[in-house]
Structures are given as structure tokens and as C-alpha cells.
Amino acid sequence: MSAPSQVETVGSGASVFKLVIAVLFAVGGVVAFYWLSAHGAFVQWGALLIGLVLAALVFLWSNPGRDFIVYVRDSWNELKKVVWPRRKDATQMTGYVFAFSVVMALFLWLADMTVGWVVFDLLLGWRNG
């Protein structure tokens with residue numbers, strides 16, 4: 001008999017409800033932006049920003065929002081661990097990549113011309129031109 005498996009739920013009903021509310025706030029802000037066009041740009045942009053800020057706050061209050069915050073914090077901590085190359089090293093490696101790309105392009109062009117010559121001129125007897 002197998003042991004009971006652990007099932008991780010993707011989202012609870014409350015979390016889904018919060019996400020729906022966040023989407024409604026965002027859509028409401030966009031709709032208000034266009035609906036309030038007769039009241040001037042300040043009122044339009046204010047309604048849009050209020051809708052988007054409310055949507056962001058509700059999203060960050062939900063479980064996916066909290067997971068997103070944890071992800072951003074972890075990413076920022078990993079970014080702080082990166083050892084960035086000095087300018088000289090970055091320039092030198094860029095030169096190596098550029099030189100390798102030119103050499104590889106010339107090699108592939110030469111290989112293509114050689115295979116074309118062998119197949120079309122020697123094996124098939126076709127003449128180009």
C-alpha cells in the first residue's frame with residue numbers, strides 16, 4: 001500500500017478572490033481613465049493611478065503576491081552575490097567573442113564553398129555561371 005501523497009494547492013478561494021478583485025481594480029482604473037476624458041487629464045490620470053495602486057496592493061496582499069515579494073527579495077540577494085568583471089576583462093572577452101565569430105563565419109563560408117564545389121562541379125559535373 002502506498003503512502004498518502006502530499007498535494008500542494010495552487011490557490012485557495014480567498015486568494016483567487018483577491019486576484020479577481022485586483023484585476024477588477026486595474027480594469028476599473030483603465031475604464032475610468034477613458035470614461036473621465038471630459039474632466040481633464042489630471043482627473044483621468046488620477047483615476048488610472050488609483051485603480052492601478054489599489055490593484056497592486058490587493059495583489060501583494062494575496063498569496064501569489066507574497067510569493068512574488070519573496071521571489072524579488074531572493075533575486076536581489078542573488079544579484080548582490082554576483083562578481084562583475086572589470087572593464088578591461090569585459091572588453092577583452094568581447095574582443096575574443098568577436099574574433100571567434102569572424103573566424104567561424106569564414107570557416108563556414110569556406111566549408112560551404114568547398115562542399116558546393118565538390119558536389120556540383122566534381123560529382124555532378126555542373127558548371128556555375
Side-chain angles (χ1 to χ4, degrees):
M1 192 150 196
S2 65
S5 63
Q6 295 289 352
V7 176
E8 181 179 337
T9 58
V10 176
S12 66
S15 182
V16 172
F17 177 72
K18 291 174 190 174
L19 292 176
V20 168
I21 295 299
V23 169
L24 289 176
F25 274 134
V27 170
V30 172
V31 168
F33 177 81
Y34 289 106
W35 188 57
L36 297 172
S37 63
H39 296 346
F42 183 73
V43 174
Q44 278 185 294
W45 285 101
L48 178 65
L49 288 176
I50 288 171
L52 293 179
V53 167
L54 288 174
L57 290 175
V58 172
F59 171 73
L60 293 175
W61 188 38
S62 69
N63 287 338
R66 288 190 208 117
D67 292 343
F68 178 72
I69 291 171
V70 169
Y71 172 76
V72 169
R73 284 183 188 155
D74 290 344
S75 297
W76 187 256
N77 288 335
E78 289 298 319
L79 186 65
K80 287 194 261 184
K81 295 177 186 178
V82 173
V83 178
W84 298 100
R86 296 175 296 151
R87 182 176 179 89
K88 178 185 173 192
D89 296 334
T91 304
Q92 191 175 26
M93 289 307 297
T94 302
Y96 291 153
V97 169
F98 183 74
F100 177 78
S101 298
V102 169
V103 169
M104 185 56 74
L106 289 173
F107 170 75
L108 290 173
W109 174 76
L110 183 62
D112 181 52
M113 291 293 118
T114 303
V115 169
W117 175 73
V118 167
V119 170
F120 292 116
D121 288 350
L122 295 180
L123 294 177
L124 297 175
W126 295 355
R127 294 286 178 211
N128 291 335

Fill in: Atom of Asp89, atom of Pro85 and distance for their closest heavy-atom approach
CB-CB, 4.2 Å

Discussion item. Hydrophobic clusters here meaning ILVMFWY residues chained together by side-chain heavy-atom distances under 4.5 Å, can you tell me if Phe17 and Val58 are in one?
Written reply: yes

Worksheet item: Got a second to check how far Ser101's OG is from Tyr96's OH, nearest 0.5 Å?
Response: 14.5 Å

Worksheet entry | Between CG on residue Leu57 and CD1 on residue Ile21, distance to nearest 0.5 Å | 14.0 Å

Worksheet entry | Minimal non-hydrogen separation, Pro64 against Leu19, with atom names | CG-CD1, 3.8 Å

Practice prompt. Give the cluster check for Leu108 versus Val119: same hydrophobic cluster or not, with ILVMFWY residues linked at side-chain heavy-atom distances below 4.5 Å.
Written response: no

Worksheet item: Transitively linked via ILVMFWY side-chain contacts under 4.5 Å: Trp35 with Val30?
Response: no

Worksheet item: So do the side chains of Val82 and Glu78 get within less than 4.5 Å of each other, counting heavy atoms only?
Response: no

Worksheet item: Would you say Phe100 and Val97 make side-chain contact, with heavy atoms under 4.5 Å?
Response: no

Worksheet item: Going from CZ on Phe68 to OG on Ser62, what distance comes out if it is rounded to the nearest 0.5 angstrom?
Response: 11.0 Å

Worksheet item: Do the side chains of Tyr34 and Leu48 join up, straight or via other hydrophobic residues, at under 4.5 Å, putting them in one cluster?
Response: yes

Worksheet item: Under 3.5 Å, is there a donor-acceptor pair between the side chain of Gln44 and the main chain of Phe33?
Response: yes

Worksheet, complete the sentence: Of all heavy-atom pairs linking Ala55 and Ala26, the shortest is CB-N, 3.7 Å

Discussion item. Just so I know, are the side chains of Met104 and Phe107 near enough to count as touching, which here means a heavy-atom distance under 4.5 Å?
Written reply: yes

Worksheet item: Under the 3.5 angstrom rule, does the side chain of Arg66 hit a backbone N or O of Leu60 as a donor-acceptor pair?
Response: no

Worksheet entry | Shared hydrophobic cluster, Val115 / Phe120 (ILVMFWY, side-chain heavy atoms < 4.5 Å) | yes

Fill in: Interatomic distance, Trp117 atom CH2 to Leu123 atom CG [nearest 0.5 angstrom]
9.5 Å

Fill in: From CZ (Arg86) to CD (Gln92), nearest 0.5 Å
9.0 Å

Worksheet item: Which heavy atom of Phe59 sits nearest a heavy atom of Ala22, and at what distance?
Response: N-CB, 4.0 Å

Practice prompt. List the steps, then state whether side-chain contact (heavy atoms from CB on, under 4.5 Å) holds for Ile69 with Arg73.
Written response: CA-CA 6 Å; Ile69 291 171; Arg73 284 183 188 155; 3.8 Å; yes

